[in-house]
Amino acid sequence: MNNRQMVEVIRLLEKELQKRELPIVSQLARERRAPFEILISTLLSLRTKDEVTAAASERLFALASTPQEMLRLAEEEISQAIYPVGFYRNKAGTIRHVCRELIVRFDSRVPETLEELLTLKGVGRKTANLVVSLGFNGLGLCVDTHVHRISNRMGYVRTKTPAETEFALREKLPAKHWSRFNTLLVAFGRNTCRPVSPLCSGCAVAAYCDRIGVTKSR
DNA sequence: AAAACGGGGGC
DNA sequence: GCCCCAGTTTT
């Protein structure tokens, strides 16, 4: 698959996912959110389903919407609010730590660069890229397992690891498509282009897919 | 490179 | 029961 085809795939997925109202849910919600809310909800999302994360985020933001307010909450209060996302000590602790850092080091704001975001403990490559991409409409390319799998399955790249995929995509895919690309592929990967038994019949972009590594499909 | 962090839901 | 989930840090 070449570049022009991949851009067409992005266009088709955009149309398809809107038409069928497939659950991009919290992703689309996040795009309208303040960077602080994107940062916090992304921290909540690690190894946790998106719907669970979305509901937990709402409950937490109802209690506190700024770093100062959130830092006033005890770890126990945060844990209670975000149930049942799991990783409570981890996530509640990280949230308080990040809030404190934002206040002390960044004038109570969320930093806008990948480098600065990565200095926050608990914020890794994917979280930082999402904040840049969705929070500041910047150039963030976040390669998770969905993006990695589908990029290879369609034959757009040939890579072993998500890190290699990120590098390859940064070289190959025009930056203006990055933000929508990862958002769309994650939604697509959950619903249609699943890890096993992808729903190939009726897939909107089947014509552009090489189906590499797909053995069983429906 | 692998383990640990944690709980719900799908199958 | 087993495996997976918009991951990151520590060993």
Side-chain angles (χ1 to χ4, degrees), chain A residues 10 13 17 22-33 35-60 75-76 78-99 101 110 114-136 138-153 160-166 169 177-199 216-218:
Chain A
I10 293 170
L13 285 180
L17 292 180
L22 290 174
I24 309 182
V25 239
S26 64
Q27 298 164 359
L28 285 178
R30 281 183 205 162
E31 288 184 76
R32 295 191 294 271
R33 297 306 183 86
F36 177 65
E37 297 191 345
I38 292 169
L39 173 58
I40 297 299
S41 65
T42 305
L43 289 176
L44 288 179
S45 78
L46 90 191
R47 302 300 289 169
T48 303
K49 291 216 164 48
D50 228 22
E51 312 83 66
V52 175
T53 303
S57 301
E58 296 307 330
R59 285 193 298 277
L60 182 57
E75 206 173 296
E76 181 54 35
I78 296 178
S79 298
Q80 211 162 45
I82 64 180
Y83 179 88
V85 296
F87 294 93
Y88 301 106
R89 184 131 350 146
N90 202 321
K91 288 179 180 176
T94 297
I95 285 172
R96 296 193 80 252
H97 174 261
V98 165
C99 285
E101 290 283 281
V110 178
L114 199 61
E115 292 72 29
E116 287 174 312
L117 285 162
L118 287 172
T119 67
L120 298 167
K121 193 184 296 187
V123 175
R125 236 190 136 63
K126 299 189 180 152
T127 302
N129 267 310
L130 282 179
V131 172
V132 169
S133 169
L134 301 183
F136 295 108
L139 302 181
L141 182 60
C142 159
V143 176
D144 69 344
T145 53
H146 292 299
V147 175
H148 174 64
R149 177 183 71 255
I150 298 170
S151 298
N152 278 282
R153 185 176 276 175
K160 286 281 197 187
T161 66
E164 279 179 61
T165 304
E166 181 181 335
L169 289 174
H177 296 297
W178 289 355
S179 179
R180 291 309 288 162
F181 180 78
N182 42 298
T183 299
L184 290 168
L185 254 57
V186 171
F188 180 53
R190 277 198 348 196
N191 301 294
T192 306
C193 201
R194 307 182 301 204
V196 296
S197 302
L199 309 180
K216 280 194 284 191
S217 66
R218 286 188 251 166

Enquirer: Rounding to the closest angstrom, what is the interatomic distance between B:dC5 and C:dG1 at atom P?
Expert: 22 Å

Enquirer: Given 3.5 Å as the limit, does a donor-acceptor pair link the side chain of A:R149 with the main chain of A:C193, or not?
Expert: yes

Enquirer: When you measure from the side chain of A:Y88, which nucleotide among C:dA6, B:dG6, C:dT8 comes out closest?
Expert: B:dG6

Enquirer: Could you tell me how far apart A:D50 (CG) and B:dG8 (P) are, to the nearest whole angstrom?
Expert: 18 Å

Enquirer: Starting from P on C:dG7, measure out to CG on A:L118 and report it in whole angstrom.
Expert: 16 Å

Enquirer: Can you identify which nucleotide, out of C:dA6, B:dG8, B:dC5, has its nearest atom closest to the A:P84 side chain?
Expert: B:dG8

Enquirer: How many Å lie between CG on A:L46 and C1' on C:dA6, as a whole number?
Expert: 10 Å

Enquirer: Would you classify A:K126 as touching base, sugar-phosphate or nothing, given that sugar-phosphate means primed atoms plus P, OP1 and OP2, and contacts are heavy atoms under 4.0 Å?
Expert: sugar-phosphate

Enquirer: Can you tell me how far P of C:dT8 sits from CD1 of A:I95, to the nearest Å?
Expert: 14 Å

Enquirer: Can you tell me how far P in C:dA6 sits from the matching atom in B:dC11, rounded to whole Å?
Expert: 15 Å

Enquirer: Could you check how far CG of A:L130 sits from C1' of C:dG7, rounded to whole Å?
Expert: 11 Å

Enquirer: If I take atom CG in residue A:L43 and atom P in nucleotide C:dT9, what distance separates them, rounded to the nearest angstrom?
Expert: 10 Å

Enquirer: Ignoring hydrogens and geometry, is there a side-chain-to-backbone donor-acceptor pair from A:T127 to A:T42 under 3.5 Å?
Expert: no

Enquirer: Ignoring backbone atoms, establish whether A:Y83 has a side-chain N or O less than 4.0 Å from OP1 or OP2 of B:dG8.
Expert: yes

Enquirer: Between C:dT10 and B:dG6, how many Å separate the two P atoms, rounded to a whole number?
Expert: 14 Å

Enquirer: What does A:K121 touch in the nucleic acid at a heavy-atom separation under 4.0 angstrom: a base, only the sugar-phosphate, or nothing?
Expert: sugar-phosphate

Enquirer: Between A:E58 and A:R33, does at least one N-O distance fall below 4.0 Å, as a salt bridge requires?
Expert: yes

Enquirer: Taking atom C1' of B:dG10 as reference, at what distance in whole Å does atom CZ of A:R194 sit?
Expert: 11 Å

Enquirer: Looking at A:K91 and A:L46, would you say the former's side chain and the latter's main chain have a donor-acceptor pair under 3.5 Å?
Expert: yes

Enquirer: Just checking A:T127: base, sugar-phosphate only, or nothing, at a heavy-atom cut-off of under 4.0 Å?
Expert: sugar-phosphate

Enquirer: Contact class for A:V85 vs. all strands (heavy atom < 4.0 Å): base, sugar-phosphate, or nothing?
Expert: base

Enquirer: Measure CZ/A:R47 against P/C:dC5 and give the value in whole Å, please.
Expert: 6 Å

Enquirer: Suppose we define a pair by two distances each less than 3.5 Å, Watson-Crick or G-U wobble; what does B:dA4 pair with here?
Expert: C:dT8

Enquirer: Can you confirm whether A:S133 sits close enough to A:F181 that some side-chain heavy atom of one is under 4.5 Å from a side-chain heavy atom of the other?
Expert: no

